[in-house]
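Right, one structure below, let's go through it.
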Amino acid sequence: MTEDELSSLAGRIRQDSKRLARFSKDEDRKGRTDLLAAAKLLERSLFHIERARSAPAVSEPIQAEVGEMLDIEIQEDLLEANKRIAQANRALLAEHGVVAIDVMGAIGSGKTSLIASIVEKLGKRTRCGMLGGDVATSIDADMVRQKGAVTVQINTGKECHLDANLVRRALERIDLSRMDVLFIENVGNLICPAEFDLGASRRMVVISVTEGEGMVVKHPMMFQDADVVAINKIDMAEIFGTNVRKLESDIASINSRAIAIRTSARTGQGLEDLVRALSLGPLA
Ligand code: MG
Ligand code: ZN
């Protein structure tokens, strides 16, 4: 379907929905709530069409090339080089007043859903973006783009983490002067992403109550530098019999500075606290 066809479809739906609403209010059809409901339903589909139309366009993913981590002198230590590029990223983001959040966590912990929910919560007043690090697909970036964020997909190929250089390349694709908050969704992995500074100003780790109570103690590195830890899928804690207090005390014992928040992208629990803990914009 073309952009024009979509626009004329939206026009027709808008007219039909108004006609239905008028029709349901005719003298002899008083109380025809079914007709009114149909009109509302059309209005609702209109909302979704408009939102799809206003979603930013998809851009080509950035592909990591074999042996990349480039711009690096052969002799130079990999992590040192990463640190240097991360500093440059941080300076660039700060210069444009963009708050960048490195979002880390295991596969299936709910990083993407949580980002999508925050973007929705922030609403239109805060301009959001997401760099989605994924081994191959753009499923995650697409999900967040639906909520109105500008997204750039980074396909890491074999790599199991993002590095500062991949982020640097992705930042070149974004108009930072028109962005307030940038989520950098790391590859799902609780180990090496902790080692690679990306240049973000905050680090958020997402864990899920479905991952078991040993999650935190098994991966202390991941929590050492976290600013915020989301204990996600909290609505499932009872079903899985997870001791959430243990997770919280494990986090506190590794990093007393980290703010742990119980969240559920599904029920919306804790989302406002999360937005506050990350010091993001006003809530919609
Ligand atoms: Mg994801
Ligand atoms: Zn890795």
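Whatever order the structure lists ligands and atoms in, that order sets their numbers, starting from 1.
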Counting only heavy atoms not in [X], do more than 12 fall under 6.0 Å of its [atom1]?
| X | atom1 | result |
| --- | --- | --- |
| Leu79 | CG | yes |
| Leu9 | CG | yes |
| Glu238 | CD | no |
| Gln224 | CD | yes |
| Lys218 | NZ | no |

message: To make sure I understand the geometry: which N, O or S atom in Glu185 is closest to the Mg ion (ligand 1)?
response: OE2
- request: Among the N/O/S atoms of Asp140, select the one at the shortest distance from the Mg ion (ligand 1) and name it.
  value: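 The atom in question is OD2.
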message: Under 2.8 Å from the Mg ion (ligand 1), can any N, O or S atom of Ser113 be found?
response: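 It does not: Ser113 brings no N, O or S atom closer than 2.8 Å to the Mg ion (ligand 1).
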Non-neighbouring partners of Arg245 that pass salt bridge (Lys or Arg N to Asp or Glu O under 4.0 Å), sequence neighbours left out: none
- request: Assess whether side-chain hydrogen bond (donor to acceptor under 3.5 Å, both in side chains) is satisfied between Glu185 and Thr112, documenting all intermediate values.
  value: CA-CA 7 Å; Glu185 183 181 339; Thr112 315; 2.8 Å; yes
- prompt: Excluding waters, which protein N, O or S atoms are within less than 2.8 Å of the Zn ion (ligand 2)?
  reply: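 Per the 2.8 Å query on the Zn ion (ligand 2), atoms found are Cys160 SG, His161 ND1, Cys192 SG.
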